[in-house]
Q: 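Quick one: this structure, given as structure tokens, is what I'll be asking you about.
Please read these numbers as outputs of a predicted model, since none were measured by experiment. Throughout, a chain's letter reflects where its sequence line sits, starting with A, and its residues are numbered from 1.
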Number of protein chains: 2
Amino acid sequence: MAEPLDPEMFDPVCPSSAMPIHIGDKWTGMVVLCLEGGRRRFNELKGPLRGITPKVLTQTLRAMERDGLVTRTAYDENPPRVEYELTPLGRSLLTLIEAARAWSKDHLPALLQARQGHDAAPGPRLLR
Amino acid sequence: MAEPLDPEMFDPVCPSSAMPIHIGDKWTGMVVLCLEGGRRRFNELKGPLRGITPKVLTQTLRAMERDGLVTRTAYDENPPRVEYELTPLGRSLLTLIEAARAWSKDHLPALLQARQGHDAAPGPRLLR
DNA sequence: CAGAATCCTTTGCGATACTG
DNA sequence: CAGTATCGCAAAGGATTCTG
């Protein structure tokens, strides 16, 4: 249905935690991106979502399903197969993610630099 | 310098917690909005930020200062006066907030409805 | 394969009281 | 006025193990 997901599509060293904008909870935005190209199976998602535990991935997907962002389709086969797919509502988040990316491209370096400068300061710089 | 802040500028019943997008931590986005119209004093911010404790407001402002989003200016007076102001970087977040608002205007009702429908469902609807 | 069950640690946030 | 100092809790997320 779609190319395999690139296991390295998310840079583990990327300072995304510094981003002042977040989509849903920790993994939600990445899940949306993983599903952008089409439906994916549970274990397929675990590739790029490096280090996510099945418990947390399940939680994340269930919450997204509840909010109408993804659909879950279970096929009655053995071994089991379950596929997740973005709904139009879920797809609408892509515009927000794009806005976040644009912001980070334009401003994240400045934020990081401010943070680093602040951290490097020996202390509350007393006037002298 | 600016009109007093409307103590009710944030609707306490607003389902912002349902929003799949967040600016910084819990209070950051609201602080940015409070500072949009100009510099504000510490206790002035506590008005619209209903229920925030001084500890948490201090934390929030310190984190924002560290990231270069606000500046803090302390005047050597008695009683003390401290003013916070958005930097251009902090101001750049307004575009993101605007994007979030646009998204929520267009899609949040659908999300809320999906959630409500899901919660009302008696159980995993087995095919029959 | 796609989870469920259990346990545990971290962090965010709040309540309350005190201070230069 | 503008904070600081403690205490405490609940929730998010992770590690590990087990199963239809």
Side-chain angles (χ1 to χ4, degrees), chain A residues 1 4-5 10 12 16-20 22-31 34-35 39-67 70-85 123-124 126, chain B residues 1 4-5 10 12 16-20 22-31 34-35 39-67 70-85 123-124 126:
Chain A
M1 130 118 276
L5 288 172
F10 302 114
S16 57
S17 61
M19 285 273 295
H22 310 287
I23 307 293
D25 277 338
K26 183 170 181 184
W27 301 95
T28 308
M30 287 183 267
V31 170
C34 287
L35 294 177
R39 42 177 56 203
R40 301 284 181 182
R41 306 180 56 164
F42 187 86
N43 277 330
E44 210 175 347
L45 293 171
K46 290 176 63 181
L49 271 20
R50 316 208 74 105
I52 197 173
T53 62
K55 184 193 107 179
V56 174
L57 180 52
T58 301
Q59 273 179 188
T60 303
L61 289 167
R62 292 279 195 276
M64 293 177 72
E65 195 190 356
R66 168 174 184 247
D67 285 349
V70 300
T71 56
R72 175 181 183 278
T73 313
Y75 299 88
D76 196 357
E77 301 172 355
N78 198 302
R81 180 165 58 104
V82 177
E83 290 185 335
Y84 293 90
E85 186 176 16
L126 305 181
Chain B
M1 130 117 279
L5 288 173
F10 303 113
S16 57
S17 60
M19 284 274 295
H22 310 287
I23 306 294
D25 277 338
K26 181 171 183 186
W27 301 96
T28 307
M30 286 183 267
V31 170
C34 286
L35 295 177
R39 44 178 54 203
R40 298 287 181 181
R41 304 179 58 163
F42 188 85
N43 277 329
E44 211 174 348
L45 293 172
K46 290 175 66 181
L49 271 20
R50 314 206 75 103
I52 196 173
T53 62
K55 184 191 104 178
V56 174
L57 180 52
T58 301
Q59 273 178 191
T60 304
L61 289 167
R62 293 279 194 276
M64 293 176 72
E65 197 190 355
R66 172 171 116 106
D67 285 349
V70 299
T71 56
R72 175 181 183 277
T73 311
Y75 299 87
D76 196 356
E77 299 171 0
N78 198 304
R81 180 165 57 104
V82 177
E83 291 186 336
Y84 293 91
E85 186 175 17
L126 304 181

Q: Using the ring of Y75(A) (Phe, Tyr or Trp, six-membered ring only), decide whether R81(A) places NZ or CZ under 6.0 Å from its centre and within 45 degrees of its axis.
A: yes

Q: Just the table, please: protein N/O against nucleotides 9-13 of chain D N/O, every pair under 3.5 Å.
A:
residue, atom, partner, partner atom, Å
dG13(D), OP1, K26(A), N, 3.1

Q: E44(B) CD to dG3(D) C1': how many Å, rounded?
A: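 Those two atoms, CD and C1', are 16 Å apart.
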
Q: Between dA2(D) atom P and D76(B) atom CG, what is the distance in whole Å?
A: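 Distance check: D76(B) CG to dA2(D) P gives 14 Å.
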
Q: Within the pair R62(B) and dT4(D), is there a side-chain N or O less than 4.0 Å away from OP1 or OP2?
A: yes

Q: In Å, rounded to the nearest 0.5 Å, how long is the span from CD1 of I52(B) to CG of L57(B)?
A: 4.5 Å

Q: If I compare all heavy atoms of C34(B) with all of L5(B), which pair ends up nearest, and what's the gap?
A: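 Here C34(B) and L5(B) meet closest at O-CD2, 3.6 Å.
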
Q: Between atom CG in N78(B) and atom P in dA2(D), what is the gap in whole Å?
A: 12 Å

Q: Return the CG to CE distance between L35(A) and M30(A), rounded to the nearest 0.5 Å.
A: 13.0 Å

Q: For DNA chain C, note the earliest and the latest nucleotide, 5' to 3', having some atom under 4.0 Å of a heavy atom belonging to chain B.
A: dC13(C) to dG20(C)

Q: For R41(B) and G51(A), find the nucleotide of DNA chain D closest to each by heavy atoms; which residue's nucleotide sits nearer the 5' end?
A: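 First, find each residue's nearest nucleotide; the 5'-ward one identifies R41(B).
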
Q: Base, sugar-phosphate, or nothing: which does Y84(A) touch, judged by heavy atoms less than 4.0 Å apart?
A: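 It contacts sugar-phosphate atoms only.
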
Q: Distance check needed: dC1(D) C1' versus E83(B) CD, whole Å only.
A: 13 Å

Q: For the CD atom of E85(B) and the OG1 atom of T73(B), what is their distance to the nearest 0.5 Å?
A: 7.0 Å

Q: What is the separation between atom CZ on R81(B) and atom P on dA2(D), rounded to the nearest whole Å?
A: 9 Å

Q: Should E83(B) and R39(B) count as an ion pair when the cut-off is N to O under 4.0 Å?
A: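 Salt bridge between E83(B) and R39(B), a charged N being under 4.0 Å from a carboxylate O: yes.
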
Q: Which value, rounded to the nearest 0.5 Å, describes the distance between D25(A) atom CG and H22(B) atom NE2?
A: 6.0 Å

Q: When you check the gap from the basic side-chain N to the acidic O, do E44(A) and K46(A) get nearer than 4.0 Å?
A: no

Q: Taking 4.0 angstrom as the limit, do R72(A) and E65(A) come out as a salt bridge?
A: no

Q: Roughly how far, to the nearest 0.5 Å, is CH2 of W27(B) from CG of L45(B)?
A: 11.5 Å

Q: Could you go through L61(A) and F42(A), starting from their C-alpha distance and side-chain angles, then the distance that decides it, and tell me whether this counts as side-chain contact (heavy atoms from CB on, under 4.5 Å)?
A: CA-CA 9 Å; L61(A) 289 167; F42(A) 187 86; 4.0 Å; yes

Q: Rounding to 10°, can you tell me the angle the first-five-pair axis of the helix from dC1(C)-dG20(D) to dG20(C)-dC1(D) makes with its last-five-pair axis?
A: 50°

